[in-house]
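See structure below.
Computed from a prediction, not measured in an experiment: that's the story for all the values here.
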Amino acid sequence: MSQPTLILTQSDLRLLVTRADYLQAVEVGFKARAEGRASSPAPLHVEADSGGLHGKAALLQADRTYLAVKANSNFPDNARNGDLPTIQGALLLFDGANGALLAIMDSIELTIMRTAAATALAARFLAREDARTLMICGCGA
């Protein structure tokens with residue numbers, strides 16, 4: 001008997017997942033990649049008239065094997081033409097042993113927090129021990 005698929009919206013993720021959780025998850029992912037327990041093929045991109053779609057996929061072998069695919073649409077004129085965000089999407093998480101769909105999650109919240117966590121880890125592991133200042137240049141959320 002299959003388990004129901006968990007659906008997590010942006011607000012659900014904000015309530016359930018802490019910054020420390022994101023930091024730990026990103027660190028586990030980077031370590032798994034370095035140890036050959038994670039992989040990711042080249043991203044997919046499809047052009048549309050006013051934007052496009054991109055997809056990214058990954059495999060992670062941790063306590064069990066997981067497969068994930070993230071699909072985001074990117075339509076830069078959305079903010080000007082209406083009330084839709086520029087980027088919208090979802091992450092699908094699958095059981096790597098049997099292909100069962102475990103969760104559907106808002107990809108925008110995950111992307112924002114994953115980017116922040118990766119930046120924090122880079123500062124933690126790559127900064128000089130006597131560093132007193134951190135400068136971050138970027139764009140987006």
Side-chain angles (χ1 to χ4, degrees), residues 1-131 133-141:
M1 184 129 198
S2 66
Q3 293 182 340
T5 301
L6 183 62
I7 299 175
L8 297 170
T9 66
Q10 187 174 38
S11 56
D12 293 334
L13 290 167
R14 286 181 179 160
L15 288 171
L16 296 171
V17 189
T18 67
R19 290 178 179 169
D21 293 331
Y22 284 106
L23 271 171
Q24 180 182 11
V26 170
E27 187 170 355
V28 165
F30 284 160
K31 184 175 182 183
R33 176 70 178 182
E35 294 172 349
R37 295 182 295 108
S39 62
S40 182
L44 165 76
H45 183 76
V46 179
E47 290 287 332
D49 289 340
S50 300
L53 176 80
H54 68 268
K56 297 176 181 176
L59 172 136
L60 172 67
Q61 295 170 321
D63 57 328
R64 62 198 260 200
T65 301
Y66 297 94
L67 293 166
V69 62
K70 178 175 82 168
N72 282 346
S73 64
N74 185 330
F75 286 75
D77 292 336
N78 277 357
R80 241 181 327 209
N81 296 336
D83 61 354
L84 291 176
T86 298
I87 298 174
Q88 302 170 81
L91 182 135
L92 306 177
L93 180 66
F94 297 89
D95 185 311
N98 62 21
L101 179 60
L102 303 173
I104 302 170
M105 297 178 258
D106 177 83
S107 69
I108 306 313
E109 183 68 13
L110 292 172
T111 299
I112 290 167
M113 297 305 291
R114 187 231 9 109
T115 301
T119 302
L121 284 174
R124 179 190 299 166
F125 289 110
L126 300 176
R128 294 185 342 216
E129 287 192 29
D130 64 342
T133 303
L134 171 67
M135 182 175 122
I136 299 175
C137 297
C139 62

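- For the atom pair Tyr66 OH and Asp95 CG, the distance stands at 7.5 Å (nearest 0.5 Å).
- Heavy atoms of other residues, nucleotides or ligands lying less than 6.0 angstrom from CG of Asp130 number more than 12.
- Using modelled atom types, one finds no donor on one side chain facing an acceptor on the other under 3.5 Å when comparing Ser50 with Asp77.
- Taking both residues in full, the closest heavy atoms of Glu27 and Leu121 are given as N-CD1, 3.5 Å, listed atom of the first, atom of the second, then distance.
- Counting heavy atoms from C-beta on, the side chains of Leu23 and Arg124 come closer than 4.5 Å.
- The shortest heavy-atom contact between Arg33 and Ser39 is NH1-CA, 3.3 Å.
- Using a distance-only test at 3.5 Å, with no hydrogens or angles considered, no donor-acceptor pair links the side chain of Asn74 to the main chain of Gly52.
- Asn81 is not listed as a side-chain neighbour of Phe75, based on a closest heavy-atom distance of 4.5 Å or more.
- If you take CG on Leu60 and CG on Leu67, they are separated by 9.5 Å, rounding to the nearest 0.5 Å.
- To the nearest 0.5 Å, atom CD of residue Gln61 and atom CZ of residue Arg37 are 8.0 Å apart.
- Counting heavy atoms from C-beta on, the side chains of Tyr22 and Ile112 never come closer than 4.5 Å.
- Between Ala57 and Ser40, the closest heavy-atom pair is O-OG, 2.7 Å.
- Closest non-hydrogen pair, Gly89 versus Ile108, comes out as N-CD1, 4.1 Å.
- Between the OG1 atom in Thr111 and the NZ atom in Lys56 there is a gap of 7.0 Å [rounded to 0.5 Å].
- Judged by distance alone, with hydrogens and angles left aside, the side-chain atoms of Thr5 form no donor-acceptor pair with the main-chain N or O of Ala103 at under 3.5 Å.
- The side-chain heavy atoms of Lys31 and Val28, taken from C-beta on, include no pair separated by under 4.5 Å.
- Considering all non-hydrogen atoms of both residues, Ile104 and Ala90 come closest at CG2-CB, 4.3 Å.
- Considering only heavy atoms from C-beta on, Gln88 comes within 4.5 Å of Asn78 through its side chain.
- Atom CG of residue Leu16 and atom CZ of residue Arg14 lie 12.5 Å apart, to the nearest 0.5 angstrom.
- In this structure, the side chains of Leu13 and Met113 stay at 4.5 Å or more apart for every pair of heavy atoms.
- To the nearest 0.5 Å, the span separating CG on Asp12 from CD1 on Ile7 amounts to 9.5 Å.
- A donor-acceptor pair is defined here as one N or O able to donate and one able to accept, closer than 3.5 Å; such a pair exists between the side chain of Thr119 and the backbone of Thr115.
- Taking each heavy atom of Leu91 and Ala68 in turn, the nearest pair found is CD2-CB, 4.3 Å.
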